[in-house]
S.K.: 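Here it is, the structure, as structure tokens.
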Amino acid sequence: MAINLANYDKKTREAIQAFWGNREKARQKQIEAGKVDAGERSSVTGGMNMDGFVALVIDLVKANGLEHADIHRARRVVTLPGYFRPTKLWDLLVLNQGRLIAALEFKSQVGPSFGNNFNNRAEEAIGTAHDLWTAYREGAFGKNSKPFVGWVMLVEDAAKSRSPVRDASPHFPVFREFQNASYLERYKLLCQRLAQEQLYTTASVIASPRSAASDGAYSDLDEMTSFKTFVTSFAGHVAAEAARVTFR
């Protein structure tokens with residue numbers, strides 16, 4: 001069956017508007033309550049900032065033939081078993097007739113501090129995927145075909161995220177691609193390699209400025225890591241699962 005992208009571009013822009021709007025609402029709420037967190041943390045402790053992207057994924061599931069799939073997003077039902085640890089909480093799980101169809105992560109990073117946060121996000125993404133695929137190999141999810149494993153990162157498009165960054169490695173040289181690469185460029189390389197090494201089915205980085213609260217503006221860094229590639233790949237996976245159920 002032909003895949004349906006569920007008017008993804010319009011919904012992506014709405015999700016980005018909601019992301020920036022929710023951050024500001026959370027910050028204002030804490031200011032009014034007299035409980036302002038340090039730095040940018042006041043904008044994220046309210047949670048739910050990436051819910052617009054979750055809603056889009058739900059639309060994609062329903063539009064591509066799995067109207068009755070079980071879509072889990074509540075904290076108590078998004079846990080999967082791990083191999084190196086007992087469990088891992090995901091942002092969204094899709095199951096159909098007891099089969100794990102998709103496990104998805106939606107992350108974000110805004111300034112002014114990009115350095116330590118980038119390294120933390122990278123380590124988390126790599127470790128999470130390695131843990132899941134090892135658990136899959138050991139039969140944690142039954143004897144079924146591979147699930148779609150996706151990672152989406154929304155990064156503030158700002159001067160500090162686009163400026164070259166120098167690294168110090170006194171004993172061995174840093175890989176050439178990372179030398180003087182901006183944090184947005186590093187996220188692009190991370191997403192490319194997460195997919196190339198088959199840690200994630202698709203990994204996407206989205207760049208968006210704070211001004212996008214008014215218009216939902218965003219940009220991709222290349223085709224491989226674009227959000228359209230993520231959406232297309234996910235929709236295709238869902239459609240294939242729907243066809244499997246139909247012709248079983």
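Not measured: the values here are computed from a predicted model. Any value given below was found using the heavy atoms of this structure, including those in side chains, with hydrogens, waters and symmetry copies removed.
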S.K.: Give the intermediate values and the outcome of ring-ring contact (aromatic ring centres under 6.0 Å, His included) for residues F114 and Y187.
M.R.: CA-CA 11 Å; F114 289 98; Y187 270 117; 8.3 Å; no
S.K.: Taking E223 first and then K228, would you say they form a salt bridge - that is, a charged N and a carboxylate O separated by under 4.0 Å?
M.R.: no
S.K.: Examine M50 and V205 and state if one hydrophobic cluster contains both, with Ile, Leu, Val, Met, Phe, Trp and Tyr joined whenever side-chain heavy atoms are less than 4.5 Å apart.
M.R.: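 Hydrophobic grouping puts M50 apart from V205.
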S.K.: Would the distance check show the side chain of Y183 and the main-chain N or O of V165 forming a donor-acceptor pair, the cut-off being under 3.5 Å?
M.R.: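 Checking the backbone N and O of V165 against the side chain of Y183, no donor-acceptor pair under 3.5 Å is found.
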S.K.: To the nearest 0.5 Å, what is the distance between CG on D51 and CG on N22?
M.R.: 7.5 Å
S.K.: Any heavy-atom pair between the side chains of K88 and L80 that's under 4.5 Å?
M.R.: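 L80 does not reach K88 side chain to side chain.
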S.K.: Can you check whether V57 reaches D59 side chain to side chain, under 4.5 Å on heavy atoms?
M.R.: no
S.K.: Checking R75 against D91 for the salt bridge (charged side-chain N to carboxylate O under 4.0 Å, His left out) test, could you report, in this order, the C-alpha distance in whole Å, the side-chain angles of both residues, the deciding distance, and whether it holds?
M.R.: CA-CA 8 Å; R75 184 178 178 86; D91 291 324; over 6 Å; no
S.K.: Considering non-hydrogen atoms only, spot the tightest contact between A217 and R13 and give its length.
M.R.: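 What the structure gives for the nearest pair is CA-NH1, 3.8 Å.
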S.K.: Do E124 and K107 make a side-chain contact, defined as non-hydrogen atoms from C-beta onward lying under 4.5 Å apart?
M.R.: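 Yes, side chains in contact.
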S.K.: Just one of D157, L154, V155, L221 clears the side chain to side chain contact (heavy atoms under 4.5 Å, CB included) bar with I206, so which one?
M.R.: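 For I206, the side chain to side chain contact (heavy atoms under 4.5 Å, CB included) check succeeds only for L154.
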S.K.: Please tell me whether E185 and N180 have a donor and an acceptor in their side chains that are separated by less than 3.5 angstrom.
M.R.: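 Absent: no donor and acceptor within the cut-off.
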S.K.: I'd like to know if the side chain of N96 and the backbone of R99 have a donor-acceptor N/O pair within less than 3.5 Å.
M.R.: no
S.K.: Just by distance, do the side chain of K11 and the backbone of A6 share a donor-acceptor pair under 3.5 Å?
M.R.: yes
S.K.: Do L92 and F141 land in one hydrophobic cluster if side-chain heavy atoms of ILVMFWY residues count as linked below 4.5 Å?
M.R.: no
S.K.: Any heavy-atom pair between the side chains of V77 and L93 that's under 4.5 Å?
M.R.: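 The answer is no, as the side chains (C-beta and beyond) never meet within the 4.5 Å cut-off.
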S.K.: Less than 4.5 Å apart, side chain to side chain, heavy atoms only: is that true for W20 and E156?
M.R.: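 Answer yes - side chains close enough.
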S.K.: Working to the nearest 0.5 angstrom, can you tell me the gap between K62 NZ and N4 CG?
M.R.: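 Those atoms lie 13.5 Å apart.
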S.K.: Please walk me through it: do R85 and T128 pass side chain to side chain contact (heavy atoms under 4.5 Å, CB included)?
M.R.: CA-CA 10 Å; R85 53 187 170 183; T128 291; 3.5 Å; yes
S.K.: Could you give the distance from OG (S169) to NE2 (H171), rounded to the nearest 0.5 Å?
M.R.: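 Taking OG in S169 and NE2 in H171, the distance rounds to 7.5 Å.
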S.K.: Compute whether any side-chain donor of one residue and acceptor of the other, for S226 and T229, lie under 3.5 angstrom apart.
M.R.: yes
S.K.: Run the ring-centre check on F148 versus F230 and record whether the distance is less than 6.0 Å.
M.R.: yes
S.K.: Please name the pair of heavy atoms, one in A235 and one in L60, separated by the smallest distance, quoted to 0.1 Å.
M.R.: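 Of all heavy-atom pairs spanning A235 and L60, the closest is CB-CD2, 4.4 Å.
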S.K.: With side chain to side chain contact (heavy atoms under 4.5 Å, CB included) as the test, would you mind laying out the steps for F106 and L104 before giving the verdict?
M.R.: CA-CA 7 Å; F106 301 93; L104 306 174; 3.8 Å; yes
S.K.: So does H130 get a backbone contact from the side chain of Y83, meaning a donor-acceptor N/O pair under 3.5 Å?
M.R.: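 No.
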S.K.: Looking at every heavy atom in both R210 and G111, which two are closest together, and how far apart are they?
M.R.: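 What the structure gives for the nearest pair is NH2-O, 3.5 Å.
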S.K.: Treat each ILVMFWY residue as a node, draw an edge where side-chain heavy atoms are under 4.5 Å apart, and state whether V110 and M153 are in one component.
M.R.: no
S.K.: Which heavy-atom pair separates A195 from T201 by the least distance, and what is that distance?
M.R.: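 Minimum heavy-atom separation between A195 and T201: CB-O, 4.4 Å.
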S.K.: Test: ring pair (Phe, Tyr, Trp, His ring centres under 6.0 Å). Region: residues 52-75. Which pairs qualify, not counting sequence neighbours?
M.R.: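 Pairs touching residues 52-75 that pass the test: F53-F227.
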S.K.: Grouping I, L, V, M, F, W and Y whenever their side-chain heavy atoms are under 4.5 Å apart, do I58 and V231 come out in a common cluster?
M.R.: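 Per the 4.5 Å side-chain linkage, I58 and V231 are co-clustered.
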S.K.: Is Y200 close to V152 at the side-chain level, that is, under 4.5 Å between some pair of heavy atoms?
M.R.: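 Result no, sub-4.5 Å side-chain heavy-atom pair not found.
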S.K.: When you group the ILVMFWY residues by side-chain heavy-atom contacts below 4.5 Å and let the links chain together, are I101 and L89 in the same group?
M.R.: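 L89 and I101: separate clusters.
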S.K.: If you measure from CG on L95 to CG on L66, what distance do you get to the nearest 0.5 Å?
M.R.: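 Nearest 0.5 Å value for the CG-CG distance: 11.0 Å.
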S.K.: Checking the side chain of Q17 only, and the main-chain atoms of S214 only, is there a donor and an acceptor separated by less than 3.5 Å?
M.R.: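 Flag set: sc Q17 to bb S214 pair under 3.5 Å.
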S.K.: Please report the shortest heavy-atom distance between A135 and P81, naming the atom on each side.
M.R.: CB-O, 3.8 Å
S.K.: Spell out, as yes or no, whether a donor-acceptor pair under 3.5 Å connects the side chain of H237 to the backbone of V149.
M.R.: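 No.
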S.K.: Is the shortest heavy-atom distance from the side chain of T12 to the side chain of Y218 under 4.5 Å?
M.R.: yes
S.K.: If you apply the rule salt bridge (charged side-chain N to carboxylate O under 4.0 Å, His left out), what do you find for R186 with E177, and how did you get there?
M.R.: CA-CA 9 Å; R186 291 173 188 217; E177 300 92 328; over 6 Å; no
S.K.: Within this structure, what is the CG-CZ distance for the pair L190 and R121, rounded to the nearest 0.5 Å?
M.R.: 11.5 Å
S.K.: Quick one: does any side-chain atom of S233 pair with a main-chain N or O of T202 as donor and acceptor, under 3.5 Å?
M.R.: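 Side chain of S233 to backbone of T202: no pair is present.
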S.K.: Applying side chain to side chain donor-acceptor pair (under 3.5 Å) to Q192 and D222, what does each step give before you reach the verdict?
M.R.: CA-CA 10 Å; Q192 288 175 343; D222 71 351; 2.6 Å; yes
S.K.: Which heavy-atom pair separates M224 from Q196 by the least distance, and what is that distance?
M.R.: CE-CG, 3.6 Å
S.K.: Please check: side-chain N/O of W133 versus main-chain N/O of L199, any donor-acceptor pairing under 3.5 Å?
M.R.: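 Side chain of W133 to backbone of L199, a donor-acceptor pair under 3.5 Å: yes, one is there.
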S.K.: Between OG of S204 and CH2 of W151, what distance do you get to the nearest 0.5 Å?
M.R.: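 Rounded to the nearest 0.5 Å, the OG-CH2 separation comes to 9.5 Å.
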S.K.: Taking C-beta and beyond as the side chain, do R166 and Q179 meet within less than 4.5 Å on heavy atoms?
M.R.: no
S.K.: Under the 4.5 Å side-chain heavy-atom rule for ILVMFWY, direct or indirect, which residues accompany L189?
M.R.: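 Members besides L189, by chain and number: V174, F175, F178.
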S.K.: For the residue pair S145 / R244, report whether a side-chain donor-acceptor contact shorter than 3.5 Å exists.
M.R.: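 R244 vs S145: no donor-acceptor pair found between side chains.
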S.K.: Begin from the C-alpha positions of T232 and I3 and carry the test side chain to side chain contact (heavy atoms under 4.5 Å, CB included) through to its verdict.
M.R.: CA-CA 8 Å; T232 303; I3 62 172; 3.7 Å; yes
